[in-house]
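We name chains A, B, ... by the order of the sequence lines, and we start the count at 1 in each one. All heavy atoms count here, side chains included; hydrogens, waters and symmetry mates do not.
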Amino acid sequence: MRRAVVTRLAWMIVVLFVLSFVVFSIQRTLPSDPVRIFFGRNASKELIAQKQHELGYDRSFFSQYGLFVNRLFHGDLGTSLRTRRPVVSDLMDFLPGTLELAGSAAFVGLLLALVIALTGALRRKGGAIVRVIAIVFSSAPTFLLGLGAVLLFYRHFHWLPAGGRTKSATEGNGWVLLRSIAKGSPSKTWEAIRHLAMPAVALALAPGVAIGRILRGSLLDVLEQEHIRTMRAGGLTERSIVLRHALRNALLPAISMGGLQLGLLLSGVVVVEVVFAWPGLGLYLNQAIRLADFPAVIGVVLVLGVVFVISSAVVDLLQTVADPRLRGRA
Amino acid sequence: MAEATVVGVTRHRRPSAPIVVGATVGALALVVALAPAWLPYGSRKVVGKPFEHPLSGHLLGTDSQGRDVLVRSVLGLRTSLGSAFIVIAIGLVVGTIIGLAAGFAGGIVDTVLMRITDVALALPGPVVALAIAAALGPGLGHTLIAVAAFWWPWYARIVRGQVQSIRKLPYVEAASLGGLGSLRVATAHVLPGTVGPVVIAASLDIGAVVLVLAGLSFLGLGSPAPAAELGAMTSQGLQFLFNAPWISLCPAVGLFLLAASGNILGDLLRDRLAKAGSR
């Protein structure tokens with residue numbers, strides 16, 4: 001077990017370095033010179049040359065990469081051209097919102113997957129329905145689900161707010177949900193959940209259904225096996241067979257599918273934030289793209305990339321927890 | 001077929017579901033591809049007042065600039081479909097070359113190429129594509145390159161697996177012994193056998209590629225403004241969502257239909273292959 005964990009973590013670090021290198025190469029091949037953009041058109045040549053020297057832009061490619069990594073470790077991602085603040089402070093403001101949204105979506109998605117798998121497995125029917133639902137939700141663009149939800153639950157029924165994280169526009173940053181839970185304020189918590197509901201569900205539907213479909217199939221396979229027949233013969237209730245014995249064995253393919261869905265979740269969160277005006281990395285990124293604010297774009301991509309790499313390592317480790325056979329293999 | 005001819009009776013076989021669906025989708029794709037020939041206007045033509053409601057002269061209404069939403073959506077579909085094909089084609093070519101080289105050369109070349117493939121799979125493709133597209137600047141071509149840059153690793157793995165099993169077959173050995181150069185053996189004798197599985201895998205991906213490209217276009221990483229692109233049309237319509245929802249909804253629904261056709265076809269094909277495999 002320990003060997004599997006160490007190997008996986010080592011691989012994760014390798015991938016993180018590759019990620020930083022890819023992002024650095026993208027940044028270096030930008031057609032535009034960030035220094036020139038930062039100082040504007042009327043800057044003197046000396047000023048630009050001095051700043052370029054300061055930032056190390058006159059050095060060789062690999063020595064610049066060294067500088068880049070060094071700055072990364074010191075939390076320096078440059079200055080946003082739009083907000084004129086350090087990109088890192090911007091990211092710190094917006095990351096919690098994205099994590100709360102993506103985390104809630106992952107939670108809702110897993111719940112949905114369990115519901116699909118368990119109702120299917122206990123009744124043994126509904127394969128066709130699950131199949132149709134799976135195709136529908138894997139084909140719907142995330143923004144279509146978001147728009148449909150806004151038109152239905154905000155515009156038509158007036159049940160849920162159309163966007164944002166709180167009623168007031170000013171307290172949109174930080175850990176809104178976690179803070180209100182920690183403070184023990186039911187009204188603020190409810191407020192945060194109401195704002196989370198639509199974006200989280202819109203984001204969770206596609207991955208949840210995809211995982212649910214896989215889990216259902218693998219659960220049905222496990223329930224055909226002989227040790228399950230023995231349990232039935234031994235008089236265990238169907239419920240305890242499914243929940244206590246079959247589910248664990250059926251989890252493996254579902255966990256792999258979950259890993260595959262992570263990338264979709266992290267790119268989906270960007271789109272969902274734009275639809276619901278959710279003050280997170282996605283909205284920040286969208287504004288940055290439209291104004292060609294590259295330091296900000298690069299910063300968001302790095303953060304999302306790191307979140308992705310770390311969470312796929314976690315998913316892989318979950319797999320070794322679920323299946324002892326994977327532990328010996330490195 | 002075989003069992004029907006043995007007894008000498010010609011039975012009418014119902015065409016299988018993938019064929020029916022495939023033919024329908026193919027016909028629709030052709031209709032969309034030829035859209036400029038049969039549509040009454042181009043994508044930029046102002047045909048009426050802004051915000052005309054659907055069914056009021058124009059089937060799906062007009063947008064904020066008085067352009068026909070249906071016409072623009074159909075042209076957007078055409079762009080989406082064409083883009084998805086291009087991305088998959090690039091992915092196939094790159095993936096096949098890398099998979100073929102890795103599987104055929106073996107040894108250190110194989111290890112290095114497959115490690116690169118592993119790393120590419122471990123990075124968050126859509127997110128990195130976003131950075132590449134943003135760095136290259138607005139333009140559909142740039143977005144296609146950015147997505148294609150992350151769409152080959154699966155294909156490389158499939159091709160490599162195929163190559164490894166094929167290159168041990170007697171006819172390949174015979175070709176090598178016959179004095180053909182390894183490049184010739186690889187391309188003329190091994191490559192054809194790898195094509196089937198990887199093309200099927202690629203055809204299952206059309207829906208997913210369509211959605212990834214639409215997401216990037218929605219974020220402003222597609223063709224610049226007047227072009228009819230479904231993701232961009234949806235995001236431009238957002239500001240009018242409550243007064244003129246059709247401007248955003250029509251292109252988004254169009255995307256859904258396109259991705260759904262691809263996914264239904266893929267689902268049926270996969271089903272069919274699973275059955276064929278278990279037999």
Student: Shortest non-hydrogen contact from A/Phe143 to B/Gly231?
Tutor: CZ-CA, 4.2 Å
Student: Measure B/Val210 against the heavy atoms of chain A and call it side chain, backbone, both or neither at under 4.5 Å.
Tutor: neither
Student: To the nearest 0.5 Å, what is the distance between OG on A/Ser139 and CG on B/Asp267?
Tutor: 9.0 Å
Student: Top residue by heavy-atom pair count (under 4.5 Å) with chain B, among A/Val307, A/Val309, A/Val136, A/Leu16?
Tutor: A/Val136
Student: Can you tell which part of B/Leu123 gets under 4.5 Å to a heavy atom of chain A, answering side chain, backbone, both or neither?
Tutor: both
Student: Start with the C-alpha distance between A/Leu264 and B/Leu211, add both sets of side-chain angles, then the distance that settles side-chain contact (heavy atoms from CB on, under 4.5 Å), and finish with yes or no.
Tutor: CA-CA 10 Å; A/Leu264 283 182; B/Leu211 291 182; over 6 Å; no
Student: Please find the pair of heavy atoms, one from B/Ser248 and one from A/Leu147, that lie closest to each other, and give the distance.
Tutor: CB-CD1, 3.8 Å
Student: Taking all non-hydrogen atoms of both residues into account, name the closest pair between B/Pro124 and A/Leu19 and its distance.
Tutor: CD-CD1, 4.4 Å
Student: Considering only heavy atoms, which portion of A/Leu302 lies under 4.5 Å from any heavy atom of chain B: side chain, backbone, both, or neither?
Tutor: neither
Student: Mind listing the closest non-hydrogen atom pair of B/Ala252 and A/Pro141 along with its distance?
Tutor: O-CG, 3.8 Å
Student: Between A/Val15 and chain B, which part of the residue has a heavy atom less than 4.5 Å away: side chain, backbone, both or neither?
Tutor: both
Student: What are the residues of residues 256-264 of chain B, in order of number, with any heavy atom under 4.5 angstrom from a heavy atom of chain A?
Tutor: B/Phe256, B/Ala259, B/Ala260, B/Asn263, B/Ile264
Student: For A/Leu144 and B/Leu255: C-alpha separation, side-chain torsions, deciding distance, then whether side-chain contact (heavy atoms from CB on, under 4.5 Å) applies.
Tutor: CA-CA 9 Å; A/Leu144 176 61; B/Leu255 272 171; over 6 Å; no
Student: Closest approach of B/Gly220 and A/Arg290, non-hydrogen atoms and distance?
Tutor: N-NH2, 3.6 Å
Student: Could you state the interatomic distance from CD (A/Glu273) to CG (B/Leu219), rounded to the nearest 0.5 Å?
Tutor: 10.5 Å
Student: Check whether A/Val297 gets within reach of chain B through its side chain, its backbone, both or neither, counting any heavy atom under 4.5 Å.
Tutor: side chain
Student: Taking atom CG of A/Leu9 as the centre, does the number of heavy atoms from other residues, nucleotides or ligands within less than 6.0 Å exceed 12?
Tutor: yes
Student: With chain B as the partner, which of A/Val18, A/Leu304, A/Leu151 has the greatest number of non-hydrogen pairs under 4.5 Å?
Tutor: A/Leu151
Student: Indicate the atoms forming the closest heavy-atom contact of B/Ala131 with A/Ile26, along with that distance.
Tutor: O-CG2, 3.8 Å
Student: Would you mind listing every salt bridge (Lys or Arg N to Asp or Glu O under 4.0 Å) that reaches into residues 115-131 of chain B, with sequence neighbours excluded?
Tutor: B/Arg115-B/Asp118, B/Asp118-B/Arg157
Student: Show the numbers, then the answer: is there a side-chain contact (heavy atoms from CB on, under 4.5 Å) between B/Phe218 and A/Val274?
Tutor: CA-CA 9 Å; B/Phe218 181 84; A/Val274 174; 3.7 Å; yes
Student: Within a 6.0 Å radius of atom OH on A/Tyr65, are there more than 12 heavy atoms belonging to other residues, nucleotides or ligands?
Tutor: yes
Student: First locate atom CG of B/Leu130, then atom CG of A/Leu266, and finally report the distance between them rounded to the nearest 0.5 Å.
Tutor: 12.0 Å
Student: Identify which part of A/Leu145 has an atom lying under 4.5 Å from any heavy atom of chain B, answering side chain, backbone, both or neither.
Tutor: neither
Student: Using the ring of each side chain (for Trp, its six-membered ring), is B/Phe242 parallel, tilted or perpendicular to A/Tyr154, with breaks at 30° and 60°?
Tutor: tilted
